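Inspection log for the structure reproduced underneath, given as structure tokens.
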Amino acid sequence: MLEKSYNPKDFEEKIYAKWENDGDFKPDMRSDRDAFSIVIPPPNVTGVLHIGHALNNTLQDILVRYNRMLGKNVLWQPGTDHAGIATQMVVERNLAKEGISRHDLGREKFIETVWEWKKQSGGTICRQLRRLGASCDWSRERFTMDDGLSRAVRKIFVSMYKDGLIYKAKKLVNWDPKFETAVSDLEVIQKETVGKMYYYKYPLEDNPNEFIHIATTRPETMFGDTAVAVSKDNPKLKNLIGKNCVIPIINRVIPIIDDEHADPEKGTGAVKITPAHDFNDFEVGKRHNLPMINILNKDATLNENTPFAGMSTQEARTKTIEKLTELGFMEKIEDHPMVIPYGERSGVVIEPYMTDQWFVDAPKLAIEAKRAVADGEMEFVPAVYKKTYFEWMNNIQPWCISRQLWWGHQMPIWYGPDDTIFCEETEEEAQAVADKHYGKHVELRRETDVLDTWFSSGLWAFSTLGWPDQNEYLEKFYPTSVLVTAFDIIFFWVARMMMMSMYMMKRVPFKKCYIHGLVRDAHGQKMSKSKGNTVDPMETIEKYGADAMRFFMAAMETQGRDVNLSEARIQGYRNFATKLWNAARFCEMNECYSVKDFDISEAKLEINKWIIAKAKEATAQVSTNLNNYRFSDAANAVYQFVWGTFCDWYIELIKPIFYGENAESIKETRAVAAWVLDRILVIMHPFMPFITTELWDNLTERKVKLIKAEWPTNETVNENDKSDIDWAIDFIGAIRSLRASMNLPAGAKLSAYVKASAADLDIIAKQNALICNLARLENLQALNDLPVSKDMVQTVSREATILIPLKGVVDFEAERARLQKELEALNKNLESYARKLGNESFVAKAPAAVVEEEKRRQAEALDNKAKVEEALARIANF
RNA sequence: GGGUGCUUAGCUCAGCUGGAAGAGCAUCUCGUUUACACCGAGAGGGUCGGGAGUUCGAACCUCUCAGCGCCUACCA
């Protein structure tokens, strides 16, 4: 027996453990069925499940479970990302608590500590994914720093290096002074702020009483200036070109040059050029062969090339202004809106910094990655994201992949004594090549830099499947079927996977890419810790169950839009689960058990044929919508069928059968009810895997597990099977509505009369008991020649007129008002029909079916109007 | 600056190829019935941001105005 109430805590974790132990998530490698595969967007190993993961993984799990039930051979490949900076940060923070820095430990020992940490605490997010119900094949769990995946990284690195797609260059890069490493453009967050614009002047070398006026937001960088640029198109300043000016304080002489970068309209028209600390100036410097003076240390303090060595940029800025003011060069300071770059992880100001770094030739790799999308080999869903993808790919810059961190894939680069580079997959190979190169044994020095985390993530689609080793998983599951991810990592990850995969595999990593939005709070505000509006999905699961949260995610996921999290709505879906639970209890109490080999086509009762047709229809809707990644439409189709059709109508309609005496009918109805409930469990399983499994396992002995039950396809629905009961439902609705509007006590059993076509009367005759029961009627009979009296209220359902005698209790005023209102509505509609049908071009140009439909409505409305007028006439004098 | 999206019922949002405006929550009535009050029945509520155009017909297509958002960018 099922418990009296739905309590997800009783079974969710238990059921998950059983699935996993039974190996239900593993693909069948001997099967030759179609493959369906997804690689999980690897969460950071340091991560805890946040609400965005809950959405992302719910959607994946729905697709995975659906396809598994469709009979495909399914692999959902899980794993985690080593998350270079993030992880190093966490471990460093832990060490700091004990007063230790990573430098105290040294590189090797530190890395050991990170691995130790991973062993202790790295599994959190995977445990949480299990709690959510994610049916990944955990036996294949991978980590981007695993031996196999590391080998993949080295192999592709070497290959790209040898193909000239990876190169070393001394360039300005985004430098994070906190972690003392380069970061990529994408890891820099631009924040709008109101800063200051500083105006001051540099004296000319040949005449210290003449000045060139400068405007800058960063006066402290003046010690790195190696020129001042003006445009030759600037009539006021062009005469200065070719002269020299003097940087105050340090009294260094620099040239005034002509460069298009100096826009006469902006600032003072003259720009100080600091090639080592500004991306634009760097370009100017290259054009004019200017010296590049580095004024910063790795931690962004000023170095000995400045008078303020050791100070932070802020301190130095204050000092510089003081000094300039003192010397009389300062002119004015204005507020100035500007954009300041911050490190995504560190939160500190990013400095353009001149260093040796390694780059991937992204513009070249982008060519094939773009072509694959343009040719439809990889398709974005929704398609708008294709634009975003191309927009970025068309403007892509070389990708800085080297990081001066310790945690990550150390680059397979070795330097010879004369700094010759040897790039090989292993140290032995590099040594061998080097020895041959030098003609003798030499000492090699390994590059200390590690790779950007996203380098290894870019290989995820094939490295997790065992590449570079040829194997059956790679064979069967690559390219993967679909990647499900949020739009914020299209560039970080999706684009890089495309580039890496097209380069190495010559095939797309996934055939489709489903992009979902962000999870926001109930009012569409972005969730953030500072606003205090974050929601912990684990708490939500604790409170309402994983199924309720999953259903919520599915029901709210409309293509590409953000999801607003509403606790009320999650509670609503918990209520939905309760509803299903109770419906199942109803079936159980009435002995509706699945009948082996029961043939639904043999159902004879109208009501049973009806629900079977509706169930097939709902199944088809869910299938179609899931096939098109329309999660909310799929979820709503299930919801509507289960609650609105099965519970609200079918269960109510079959109660009289169960309370009656017809053994044949009871037997058939029990079998059908059980069949429909089973069908519900099947089509609901991808959304709510736990409750459906619990019910599946408890209601009857089963031959198959629900997780592997067959998802029905290509069923035919006989429209005739639905029509009578649909008619009766409308009819019951009309009576209920009439009763409510007339304030007739629910308890009062009434008689009713009907005037209708022979066909409709036939339905009434057949479904009399059923209608009377739900409409609370004593009896319902055809109105033949029965005199119509004033003591009757009237309503209309489709073409049938319903009359209910109310001896002496009719409130004529209320009834007149009600009928009058109905009449007005009909007249309004009739006007619109007449207008349309009176329009010659409508009749001539609109499709015949549309015109016919309009005519039918007109006829129906006219008919109803006559009936209402009749009723009004009847009570006219009371 | 470039790109891109949004504006529909009190709230949060659906509405796929243009053919009589929908859901959930909230609100208001009413509760005969042992599956369920985490419930049931009924009802009210929208000139689909403003304007113009295309069309027989527009929430949907075009233009325009207004407001909001996101991504991206080197404006000293």
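Just so it is clear, the model here is predicted, and its values are computed rather than measured. The sequence lines fix the lettering, A, B, ..., with proteins before strands; numbering per chain opens at 1. Computation of the quantities below employed the complete heavy-atom set of this structure, encompassing side-chain atoms and omitting hydrogens, waters and symmetry-equivalent molecules.
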Would you say [X] reaches [N]'s phosphate, i.e. side-chain N/O to OP1/OP2 under 4.0 Å?
X         : N      : value
Asn564(A) : C13(B) : yes
Arg630(A) : G15(B) : yes
Thr558(A) : A14(B) : yes
Asn575(A) : C39(B) : yes
Arg218(A) : A76(B) : no

Looking at every strand, decide which applies to [X] at a 4.0 Å heavy-atom threshold: base, sugar-phosphate, or nothing.
X         : result
Arg574(A) : base
Lys4(A)   : sugar-phosphate
Trp643(A) : sugar-phosphate
Cys647(A) : base
Ala522(A) : sugar-phosphate
Ala555(A) : nothing
Tyr6(A)   : nothing
Lys387(A) : sugar-phosphate
Gly269(A) : base
Ser737(A) : sugar-phosphate
Asp648(A) : sugar-phosphate

Are any of the side-chain nitrogens in [X] or [Y] under 4.0 Å away from the carboxylate oxygens of its partner?
X         : Y         : result
Arg857(A) : Glu854(A) : yes
Lys9(A)   : Glu542(A) : yes
Arg818(A) : Glu815(A) : yes
Arg856(A) : Glu852(A) : no

- [ ] Would you jot down, in residue-number order, the residues of residues 333-342 of chain A having a non-hydrogen atom under 4.0 Å from RNA chain B?
- [x]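 Output list: His336(A), Met338(A).
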Nearest-Å distance for atom pair [atom1]/[atom2], residues [X] and [N]:
X         : N      : atom1 : atom2 : result
Tyr200(A) : A76(B) : OH    : P     : 14 Å
Asn280(A) : C74(B) : CG    : C1'   : 4 Å
Tyr573(A) : C38(B) : OH    : P     : 19 Å
Trp581(A) : C39(B) : CH2   : P     : 17 Å
Met393(A) : U72(B) : CE    : P     : 15 Å
Arg561(A) : U7(B)  : CZ    : P     : 6 Å
Tyr389(A) : U4(B)  : OH    : P     : 18 Å

Of the options [options], whose atoms approach the side-chain atoms of [X] most closely?
X         : options                : result
Lys579(A) : C70(B), U72(B), C36(B) : C36(B)
Ala846(A) : G19(B), A35(B), U72(B) : G19(B)
Thr217(A) : A14(B), C36(B), A76(B) : A76(B)
Val850(A) : G40(B), A76(B), G19(B) : G19(B)

Quote, to the nearest angstrom, the [atom1] distance that separates [N] from [M].
N      : M      : atom1 : result
A9(B)  : G15(B) : P     : 15 Å
G53(B) : A59(B) : P     : 15 Å
G69(B) : C30(B) : C1'   : 44 Å
A14(B) : U7(B)  : P     : 7 Å
U55(B) : U62(B) : C1'   : 12 Å
C39(B) : A35(B) : C1'   : 10 Å
A23(B) : G45(B) : C1'   : 14 Å

Open item on the list: By nearest heavy atom, map Val843(A) and Met197(A) onto RNA chain B; which one lands nearer the 5' end?
Closed with: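 Its nearest nucleotide lies further toward 5', so the answer is Val843(A).
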Task: Nearest-nucleotide comparison on RNA chain B, the residue closer to the 5′ end among Phe646(A) and Ser741(A) - done: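 The answer here is Phe646(A).
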Open item on the list: Show, in sequence, the C-alpha distance, side-chain angles and deciding distance for His516(A) and Glu557(A), and conclude whether the side chain to side chain donor-acceptor pair (under 3.5 Å) test is met.
Closed with: CA-CA 8 Å; His516(A) 62 252; Glu557(A) 175 60 21; 5.4 Å; no
- [ ] Could you run through RNA chain B and flag its stems, i.e. three or more consecutive Watson-Crick or G-U pairs with both distances under 3.5 Å?
- [x] B:1-7 with B:66-72, B:10-13 with B:22-25, B:27-31 with B:39-43, B:49-53 with B:61-65
- [ ] Give a yes or no on whether the backbone of Lys526(A) and the side-chain of Lys531(A) come within a donor-acceptor separation of less than 3.5 Å.
- [x]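 Flag set: sc Lys531(A) to bb Lys526(A) pair under 3.5 Å.
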Using atom names, set out every protein N or O paired with an N or O of nucleotides 57-61 of chain B below 3.5 Å, distance rounded to 0.1 Å.
none

Can you give the donor-acceptor pairs under 3.5 Å from side chains of residues 219-227 of chain A to other protein atoms, not counting sequence neighbours?
from, atom 1, to, atom 2, distance (Å)
Glu220(A), OE1, Arg317(A), NE, 2.9
Glu220(A), OE2, Arg218(A), NE, 3.2
Glu220(A), OE2, Arg218(A), NH2, 3.2
Glu220(A), OE2, Arg317(A), NH2, 3.0
Thr221(A), OG1, Arg218(A), O, 2.8
Thr221(A), OG1, Lys272(A), NZ, 2.6
Asp225(A), OD1, Lys272(A), NZ, 2.9
Asp225(A), OD1, Thr274(A), OG1, 2.8
Asp225(A), OD2, Tyr202(A), OH, 2.6
Thr226(A), OG1, Pro291(A), O, 3.0

Open item on the list: We want to know whether Glu283(A) and His261(A) form a side-chain donor-acceptor pair, criterion being a heavy-atom distance below 3.5 angstrom.
Closed with: no
- [ ] Assign a letter to each nucleotide of nucleotides 25-34 of chain B from its 5' end: B, base within under 4.0 Å of a protein heavy atom; S, sugar-phosphate only; -, no contact.
- [x] -------B--
Open item on the list: Please give me the minimum heavy-atom distance between Ser751(A) and Glu778(A), naming the atom from each residue.
Closed with: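 Minimum heavy-atom contact is OG-CB, 4.2 Å.
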Open item on the list: Would the base of C38(B) count as contacting Thr578(A) through its side chain, where contact means a donor and an acceptor less than 3.5 Å apart?
Closed with: yes
- [ ] Give a yes or no on whether the ring-centroid distance for Phe380(A) and Tyr385(A) is below 6.0 angstrom.
- [x] no
Task: Close aromatic pair by centroid cut-off 6.0 Å: Phe631(A) and Tyr514(A) - done: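 Centroid separation for Phe631(A) and Tyr514(A): below 6.0 Å.
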Open item on the list: My understanding is that only residues two or more places apart in sequence, or in another chain, count here; which of them pass side-chain hydrogen bond (donor to acceptor under 3.5 Å, both in side chains) with Lys655(A)?
Closed with: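 Glu652(A).
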Open item on the list: Are more than 12 heavy atoms, taken from residues, nucleotides or ligands other than Glu3(A), located less than 6.0 Å from that residue's CD atom?
Closed with: no
